[in-house]
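Labels below follow one simple rule: chain letters A, B, ... track the order of the sequence lines, proteins then strands, and each chain is numbered from 1.
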There are 2 protein chains.
Amino acid sequence: MAEIDDSPPRRPTIYDLAQIAGTSPSAVSAVLNGSWKKRRISTRLAERISRIAEEQGYAVNLQASMLRRERSRIIGMIIPKYDNRYFGAIAEGFEAMARERGLFPVITCTQRDPALEVEAAREMMSYQAECLIATGATDPDRIANICTSAGVRSINLDLPGTTAPSVVSDNFQAARDLTRFILERIKQDFGVLAPLYFIGGRAQDHNTRERLRGFICAHEDMGLTVPSAYCFMHGYSASKTEAALAETGIDERCGMFINSTIALEGFVRWFHSLAAPPEFRFGCFDWDPFARFLPQNIGMMRQDVDTMLAKVFEFVEHAPSGTVNIKIPCIFEAANG
Amino acid sequence: MAEIDDSPPRRPTIYDLAQIAGTSPSAVSAVLNGSWKKRRISTRLAERISRIAEEQGYAVNLQASMLRRERSRIIGMIIPKYDNRYFGAIAEGFEAMARERGLFPVITCTQRDPALEVEAAREMMSYQAECLIATGATDPDRIANICTSAGVRSINLDLPGTTAPSVVSDNFQAARDLTRFILERIKQDFGVLAPLYFIGGRAQDHNTRERLRGFICAHEDMGLTVPSAYCFMHGYSASKTEAALAETGIDERCGMFINSTIALEGFVRWFHSLAAPPEFRFGCFDWDPFARFLPQNIGMMRQDVDTMLAKVFEFVEHAPSGTVNIKIPCIFEAANG
DNA sequence: CATGTATGCTCAATCGATGAAGCAAAATTG
DNA sequence: CAATTTTGCTTCATCGATTGAGCATACATG
């Protein structure tokens with residue numbers, strides 16, 4: 001069948017609209033970007049142009065517009081994963097808050113891969129992002145340097161850096177509180193006061209270190225010492241956590257501090273693979289709506305995403321002077337497990 | 001303190017690099033975008049320019065580059081939420097597969113808000129996206145029209161439309177299988193063959209309708225009729241599902257088909273709010289690593305995200321002729337609950 | 001009626017990268 | 001050695017929107 005070449009009704013430009021309206025491209029531009037009042041275009045012409053733009057299905061070419069303008073209004077974010085509620089909430093909240101402020105959010109997920117993080121940061125620079133939020137970056141200062149040398153501001157979220165302002169959870173305090181809660185609970189339920197296991201995270205990771213510090217501190221508060229063999233830090237991986245637990249004999253009737261929901265996935269997989277699942281009590285740093293109801297779960301430490309993002313956007317609007325590292329308290333939620 | 005104005009080491013352009021290298025902007029451009037072999041630039045000059053670009057921290061201005069080029073290589077996706085594993089996996093997989101193919105993925109989350117969906121689609125057009133994937137759109141044809149009138153291809157994912165090619169789960173078959181599995185299980189565990197409750201989703205929603213059809217069909221297969229009062233479809237909202245369940249008296253020892261993880265959130269909240277939680281068996285359409293281990297959960301129907309995305313990218317590369325609607329089988333995973 | 005000012009537009013340069021066309025010098029060929 | 005080809009670059013128009021400057025015309029003022 002012979003096709004008629006109606007194929008490329010190419011996206012209309014302001015030149016096309018100007019032609020149709022019998023006016024100049026600059027009038028069209030002014031009308032469509034809202035500067036027409038200031039540029040003394042008559043209401044009559046403005047309405048006509050708007051109507052024609054509508055009819056023609058005109059959409060501004062942001063590439064051209066941003067090239068000419070000084071500001072792109074793009075705000076970038078890199079984030080490790082979308083596989084848990086914490087990062088999911090950060091991504092959703094970030095988009096919503098950016099839009100509220102008339103900014104264009106662009107998020108890229110970097111799989112905790114340092115090379116991808118760097119690549120993504122460079123990509124954001126190329127998009128002329130005005131500001132980049134580095135969430136949970138493996139090397140925040142590296143990202144901050146990339147931004148600085150492009151004249152772009154950056155803010156660290158979740159994991160702090162030393163070059164750019166940072167907004168993180170108060171990991172130490174929250175871990176200390178959660179640990180105390182678990183210790184008290186095993187004493188109450190099992191009648192023993194014994195050290196907990198610490199499961200998940202990376203030993204080099206700032207947040208893990210802070211939480212481990214709070215964990216150990218809460219033990220000391222109660223006169224306990226944590227044997228180093230009680231700490232399982234095999235990265236943010238369910239499978240590695242599961243494998244590590246499977247290799248070790250863990251006593252019945254003890255307590256565990258699970259350092260992330262991803263580690264919790266490994267933990268529950270291991271737990272349910274056991275022929276005779278033992279009695280435990282665990283608490284988890286980070287929140288999940290289903291994990292809440294898992295048997296033996298006694299509480300989750302939920303990070304306060306809304307407050308963290310509010311702080312981030314404060315910094316977006318007024319860059320703080322000097323190196324700041326804001327710590328946001330977490331919200332403890334007793335579980336029903 | 002008097003600040004020295006070293007402030008704007010403005011982002012260097014190819015003109016700046018050309019100046020430094022004592023060459024022309026087009027040579028710089030050719031070297032930096034890889035077309036220099038073809039444009040007969042000497043290796044010597046190419047190396048010098050590359051070094052200078054490196055030193056100066058040059059990053060191409062994609063706005064300018066894309067304006068000039070014919071192709072943007074941007075591929076857009078709109079997605080409702082990031083609050084469950086299904087959409088999370090889609091987002092992560094989409095980004096990875098797009099990058100593998102040398103495309104720039106841009107994802108926007110639209111909160112199941114039809115107005116936001118339209119706004120986001122228009123924004124993608126303005127970014128000169130070459131293709132838009134509409135995931136779980138409330139009105140896929142609306143989005144497809146916006147794309148078509150901008151000369152952009154679109155593909156529906158998760159929810160089908162009539163104008164653009166669609167890739168969805170085989171909701172009917174998977175719902176039928178899941179329903180049969182639950183029915184058999186309650187017969188085995190409770191010794192009764194009784195209709196199940198259907199919980200979650202929207203009655204107007206295509207996927208819900210298909211699943212309901214499979215649900216009813218599986219009942220008929222076993223000689224059962226589903227009372228209409230057994231269906232609770234209060235949207236994709238945990239709170240509304242919870243509230244609806246709280247208002248109704250549901251018998252002990254029965255089975256339920258939960259139509260999404262978000263409905264499951266409402267269900268478990270309701271369940272755990274009861275003074276004396278009754279004996280149930282439930283299965284859930286969609287998968288979650290923790291929900292898997294919830295007591296009384298007997299199985300989850302996991303959507304095959306990798307296969308769905310593979311199909312989507314097939315369509316991205318070779319647009320299918322005519323209206324196609326590909327149905328991808330789901331993967332049943334028996335639960336340990 | 002000359003002068004001033006407000007109105008309603010248009011012109012043209014510009015943002016940074018790209019690539020077709022062109023040009024000079026070097027290398028090859030007959 | 002003249003003619004041709006190859007090499008290695010540069011020039012310049014272009015993508016679409018923006019915006020400072022400018023230019024008629026209409027209107028108001030002294």
Side-chain angles (χ1 to χ4, degrees), chain A residues 8 10-49 53 56-74 104 123 125-130 150-151, chain B residues 8 10-49 53 56-74 125-130 150-151:
Chain A
R10 263 315 98 214
R11 313 191 190 187
T13 70
I14 53 169
Y15 298 92
D16 302 322
L17 301 188
Q19 182 109 58
I20 295 170
T23 181
S24 72
S26 61
V28 175
S29 171
V31 168
L32 296 177
N33 70 28
S35 68
W36 59 280
K37 269 264 146 79
K38 174 179 312 222
R39 292 185 60 95
R40 301 185 311 211
I41 305 291
S42 65
T43 308
R44 228 175 61 83
L45 180 57
E47 277 166 1
R48 195 151 55 86
I49 289 175
Q56 300 291 317
Y58 174 82
V60 71
N61 181 328
L62 279 177
Q63 256 80 67
S65 175
M66 286 173 177
L67 174 60
R68 189 55 173 73
R69 286 179 189 282
E70 70 299 359
R71 297 194 53 190
S72 71
R73 306 196 72 84
I74 289 181
F104 298 118
E123 199 175 297
M125 301 302 98
S126 285
Y127 277 128
Q128 310 300 107
E130 292 176 3
Chain B
R10 260 320 95 211
R11 312 191 190 185
T13 70
I14 53 169
Y15 298 92
D16 301 323
L17 302 187
Q19 182 109 58
I20 296 171
T23 181
S24 73
S26 64
V28 176
S29 171
V31 169
L32 297 177
N33 69 29
S35 69
W36 60 279
K37 270 261 143 84
K38 174 180 316 223
R39 307 213 42 220
R40 299 186 312 210
I41 305 292
S42 64
T43 308
R44 227 175 62 82
L45 181 56
E47 276 165 2
R48 194 151 55 86
I49 290 176
Q56 301 291 316
Y58 174 81
V60 70
N61 181 331
L62 280 178
Q63 255 80 66
S65 174
M66 287 174 177
L67 174 60
R68 189 57 173 70
R69 285 177 189 283
E70 70 298 359
R71 297 194 53 189
S72 71
R73 307 195 73 83
I74 289 181
M125 300 304 98
S126 284
Y127 278 127
Q128 310 299 109
E130 291 176 5

Between atom [atom1] in [X] and atom [atom2] in [N], what is the gap in whole Å?
X: B:D16; N: C:dG16; atom1: CG; atom2: P; value: 8 Å
X: A:K38; N: C:dG8; atom1: NZ; atom2: C1'; value: 17 Å
X: A:K37; N: C:dG8; atom1: NZ; atom2: C1'; value: 14 Å
X: B:Q128; N: C:dA17; atom1: CD; atom2: C1'; value: 16 Å
X: B:I41; N: C:dT18; atom1: CD1; atom2: C1'; value: 13 Å
X: A:R71; N: C:dC15; atom1: CZ; atom2: C1'; value: 17 Å

Please name the residue in the list B:D16, B:L17, B:I14 that meets the side-chain contact (heavy atoms from CB on, under 4.5 Å) test with B:P25. B:I14
pair A:V60-A:L32: side-chain heavy atoms closer than 4.5 Å: no
Are the side chains of B:E47 and B:T43 in contact, using a 4.5 Å heavy-atom criterion? yes
Does anything in residues 63-73 of chain B form a salt bridge (charged side-chain N to carboxylate O under 4.0 Å, His left out)? List the pairs, not counting sequence neighbours. B:R71-B:E130
Nearest-0.5 Å distance, OG1 of residue B:T13 to CD of residue B:Q56: 10.5 Å
If you measure from CD1 on B:I74 to CD on B:Q128, what distance do you get to the nearest 0.5 Å? 8.0 Å
Per-nt protein contacts along nucleotides 16-25 of chain D (heavy atom under 4.0 Å; B base, S backbone sugar-phosphate only, - none) come out as BBBBBB----
